[in-house]
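Everything below concerns the one structure shown next.
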Amino acid sequence: MSDIEKFDFKKHWLDLSPDERKAFAEEAGTTSHYIQTHLTGKRKMPGKALMNGLFKACKSREWVKTKPELAIFFYS
């Protein structure tokens, strides 16, 4: 895993406009409020379904290429 670049989900999230955040959250299967409150501060660990949704939304925006890139944000 040392060859995986550290991905900063919070930075990418904060760069989105409110409308982009809403669209991202809907694509991920949650709300922008949930992401802002629980995920950007790493207060909660996304479950499998939410992690899959977050990965799908991140990948469609070309933020990440692999799921471990996203997962490492929450596990570090």
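- For residues 50-65, the set of pairs meeting the side chain to side chain donor-acceptor pair (under 3.5 Å) definition, not counting sequence neighbours, comprises Glu27-Ser60, Glu27-Arg61, Asn52-Lys67.
- Residues passing the side chain to side chain contact (heavy atoms under 4.5 Å, CB included) test with Lys22, sequence neighbours excluded: Glu26.
- Residues forming a salt bridge (charged side-chain N to carboxylate O under 4.0 Å, His left out) with Asp15 (at least two apart in sequence, or on another chain): Lys11.
- In this pair, Phe9 and Trp13 present their aromatic rings parallel. The plane angle is below 30°, not in the 30 to 60° band.
- Between Leu70 and Val64, the closest heavy-atom pair is N-CG1, 4.3 Å.
- Taking each heavy atom of Leu50 and Ala28 in turn, the nearest pair found is CD1-O, 3.7 Å.
- Every residue meeting the side chain to side chain contact (heavy atoms under 4.5 Å, CB included) condition with Ala71, not counting sequence neighbours, appears here in chain and number order: Met51, Tyr75.
- Asp8 contributes atom CG, which lies 13.0 Å from atom CD of Glu69 (distance to the nearest 0.5 angstrom).
- For residues 35-48, the set of pairs meeting the salt bridge (Lys or Arg N to Asp or Glu O under 4.0 Å) definition, not counting sequence neighbours, is empty.
- Taking OG1 of Thr66 as the start and CZ of Phe7 as the end, the distance is 10.5 Å to the nearest 0.5 Å.
- Shortest non-hydrogen contact noted between Phe74 and Met45 is O-CE, 3.3 Å.
- Rounded to the nearest 0.5 angstrom, Lys6 NZ and Ser76 OG are separated by 4.0 Å.
- Contacts of Phe55 classified as ring pair (Phe, Tyr, Trp, His ring centres under 6.0 Å), with partners at least two apart in sequence or in another chain: none.
- Tyr34 OH to Thr40 OG1: the interatomic distance, rounded to the nearest 0.5 Å, is 11.5 Å.
- The side chain to side chain contact (heavy atoms under 4.5 Å, CB included) test applied to Glu20 returns Leu16, Ser17, not counting sequence neighbours.
- A search for side chain to side chain contact (heavy atoms under 4.5 Å, CB included) contacts involving Leu14 returns Lys10, Arg21, Gln36, not counting sequence neighbours.
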